[in-house]
Amino acid sequence: MQFSKRTHTCGELRLSDLGKTVVLNGWVSDIRDLGKLIFVNIRDRFGVTQVTFTPELDSPYNLAKELGLEYVVSVSGKVQKRTSPNPSMPTGEIEILAEKIEILNSSETPPFVIEEDVKASEELRFRYRYLDMRRRRIADNLILRNRVYHIVHKYFEEKGFIEVETPILMKSTPEGARDYLVPSRIHKGKFYALPQSPQTYKQILMIGGIDRYVQICKCFRDEDLRADRQPEFTQIDLEMSFVDEKDVFNVVEGLICRVWKEIKNIELPQPFKIISYDEAISKYGSDKPDLRIKGISQIENITSLVKGSGFRVFDEIVNSGGVVACVNLVSKDVTRKLIDQLTLFVKEMKVGGLAYIKYEQDKVTSPLSKYIAEETLKKILAKSGSKSGDTVFILSGEKTKIFKTFGELRLKLAEMFNLTDNSTDCFLWVNDFPLFAFDEEESRFVAEHHPFTMPHSEDQNKLDSDNRNEIESIRALSYDLVCNGSEFGSGSIRIHKREIQEKVFRILNLGEKEQKEKFGFLLDAFRYGAPPHGGFALGFDRIVATLCGTKDIRETIAFPKTTSAVGLMDNCPSEVDEKQLRELGIKIIS
């Protein structure tokens with residue numbers, strides 16, 4: 001098909017181009033027929049330009065009357081100054097006086113109007129994703145994503161990293177989320193797995209002497225989805241030999257600062273703040289705290305202040321090993337209705353109740369006044385940093401549950417009173433996570449991060465213990481990067497000695513046979529001089545979503561799945577015919 005090819009995009013013409021004869025290719029995004037004049041907006045991924053058709057030029061004017069929304073056209077004409085400029089359009093000071101128009105393809109009426117303030121449901125947009133991505137916002141998100149790709153590749157090239165592709169079809173080693181399994185036609189009854197991460201492969205690369213590895217890779221997890229999760233996702237995966245935790249921090253921070261500088265022109269302060277897992281939980285009730293929240297204090301443990309107070313509820317909790325803690329809300333009007341809402345909120349989290357102290361003009365008001373001396377209440381106010389006009393909220397119960405509930409309560413209060421500074425991005429490291437967590441349901445230990453994480457050297461002697469408390473106290477050389485209350489990535493210094501790896505597997509209840517079957521290749525590799533090594537994996541989708549100003553990573557992915565893991569556009573997953581199943585030796589039983 002012969003047609004006039006564009007000389008310019010629909011987003012680049014300005015007053016400096018007046019008088020030029022140009023050709024634009026694109027889609028019809030708006031038509032305004034005023035009788036003697038027809039105004040048509042032509043759109044491509046670069047922007048929108050207005051084209052004017054007049055009756056003096058019969059051929060293009062008559063063709064313009066046949067146009068519909070989303071028709072694909074080629075328009076040629078002269079650039080002229082608009083009599084009524086549109087300041088909301090970058091090209092709003094000029095227009096094209098059409099001399100020729102070619103209709104390259106027609107379009108049926110779209111299922112929704114393609115506009116920035118789209119009214120269509122998410123399901124409809126995902127079904128017609130090729131229409132949705134004609135919107136400026138989606139196109140810009142994909143363009144920004146592309147820019148980040150280039151920054152990442154360039155940064156790691158400068159740092160001497162080698163990009164290595166690891167297999168997509170790998171051995172199934174289910175630890176954590178469920179694997180996506182791929183049946184083998186040749187080896188019936190056997191399966192590959194899609195990688196949840198390239199973890200074991202990148203460790204093998206370190207043993208192979210590829211001392212600085214990086215890859216922007218696809219990972220797959222068969223887990224329940226949310227707005228920030230997809231069955232397939234992208235991560236920036238890296239590993240380095242002969243490094244410690246600080247070396248990994250420096251490389252990752254450097255990348256983040258480079259991206260923020262080039263994309264947002266923001267110089268992030270370095271080094272990023274570092275807090276331990278225990279500190280994060282005890283101060284913020286979360287292992288991914290949002291440090292942008294202002295006007296709410298950190299969690300204060302006031303157990304020692306209320307011990308022996310005579311208040312039965314507190315005394316029973318203290319005597320059973322629980323905690324009493326508080327947070328202070330600064331200078332907000334806390335009504336009875338609000339307290340009832342918050343009480344219901346904490347009860348939904350299986351916490352008995354919410355106590356409070358209001359402090360106004362040296363006067364203490366609290367339902368606890370009936371049971372606890374005013375002197376003790378004032379000590380609580382002092383401990384929490386409370387001043388006149390503030391309100392202190394108090395919870396009591398089992399330590400882990402109380403801290404977690406306060407973490408959620410702080411977020412709830414921040415949302416209610418708009419206390420989060422969204423004008424900035426706040427990064428921090430959380431390190432020294434527990435190596436193991438105890439799964440009460442399965443009555444066994446599981447890896448907090450993954451089973452290849454090196455324990456702290458001073459805790460390694462506890463790997464030989466059978467005492468639950470001792471095992472739970474083992475700290476890992478693991479770390480998360482947190483931004484604005486979201487986990488941006490996770491990593492660790494890895495186990496590089498076979499005997500330590502075998503001890504970890506033992507605690508995870510992996511017998512010798514199962515170790516050999518699942519991880520024999522890695523254990524064997526450790527016998528031949530594995531260097532100390534560590535690495536990190538950054539959630540690429542989440543980074544891009546944050547840069548785009550959205551919490552929903554699906555808005556930054558070209559073809560996302562729904563929260564039920566369905567691709568609405570191409571209707572996957574789908575059934576396959578009986579012949580394919582027979583070839584694979586598979587029979588559907590339910």
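Atoms considered below: every heavy atom in the structure, side chains included; atoms not considered: hydrogens, waters and symmetry mates.
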Between [options], which is the residue that forms a side-chain hydrogen bond (donor to acceptor under 3.5 Å, both in side chains) with [X]?
{"X": "Asn484", "options": "Asp425, Asn422, Asp290", "value": "Asp425"}
{"X": "Arg498", "options": "Glu502, Gln501, His496", "value": "Glu502"}
{"X": "Glu239", "options": "Gln199, Arg494, Arg212", "value": "Arg494"}

Quick check: does any side chain N or O of [X] sit under 3.5 Å from a backbone N or O of [Y], one acting as donor and the other as acceptor?
{"X": "Glu102", "Y": "Leu104", "value": "no"}
{"X": "Ser74", "Y": "Ser4", "value": "yes"}
{"X": "Asn25", "Y": "Arg6", "value": "yes"}
{"X": "Tyr155", "Y": "Val251", "value": "yes"}
{"X": "Lys119", "Y": "Asp117", "value": "yes"}

Determine the sole option in Asp459, Ile507, Leu463 for which the side chain to side chain contact (heavy atoms under 4.5 Å, CB included) test with Ile471 is passed.
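Only match with Ile471 under side chain to side chain contact (heavy atoms under 4.5 Å, CB included): Ile507.
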Please confirm whether Arg468 makes a cation-pi placement over Phe438, using NZ or CZ under 6.0 Å from the six-membered ring centre and within 45° of the ring normal.
yes
Taking 4.0 angstrom as the limit, do [X] and [Y] come out as a salt bridge?
{"X": "Asp466", "Y": "Arg506", "answer": "yes"}
{"X": "Glu555", "Y": "Arg125", "answer": "yes"}
{"X": "Arg554", "Y": "Asp541", "answer": "no"}
{"X": "Glu442", "Y": "Arg444", "answer": "yes"}
{"X": "Lys561", "Y": "Glu232", "answer": "yes"}
{"X": "Lys154", "Y": "Glu262", "answer": "no"}
{"X": "Lys579", "Y": "Asp577", "answer": "no"}

When the ring planes of Tyr128 and Tyr130 are compared, do they come out parallel, tilted or perpendicular, using 30° and 60° as the limits?
perpendicular
Can I get a per-line list of side-chain donor-acceptor pairs under 3.5 Å for residues 108-116, giving both atom names and the distance, sequence neighbours left out?
unit_1	atom_1	unit_2	atom_2	d
Glu116	OE1	Arg137	N	3.0
Glu116	OE2	Arg136	N	2.6

Salt bridge (charged side-chain N to carboxylate O under 4.0 Å, His left out) involving Arg147 - partner list, sequence neighbours excluded
none
ring-ring contact (aromatic ring centres under 6.0 Å, His included) partner of Phe536, chosen from Trp429, Phe249, Phe488, Phe161
Trp429
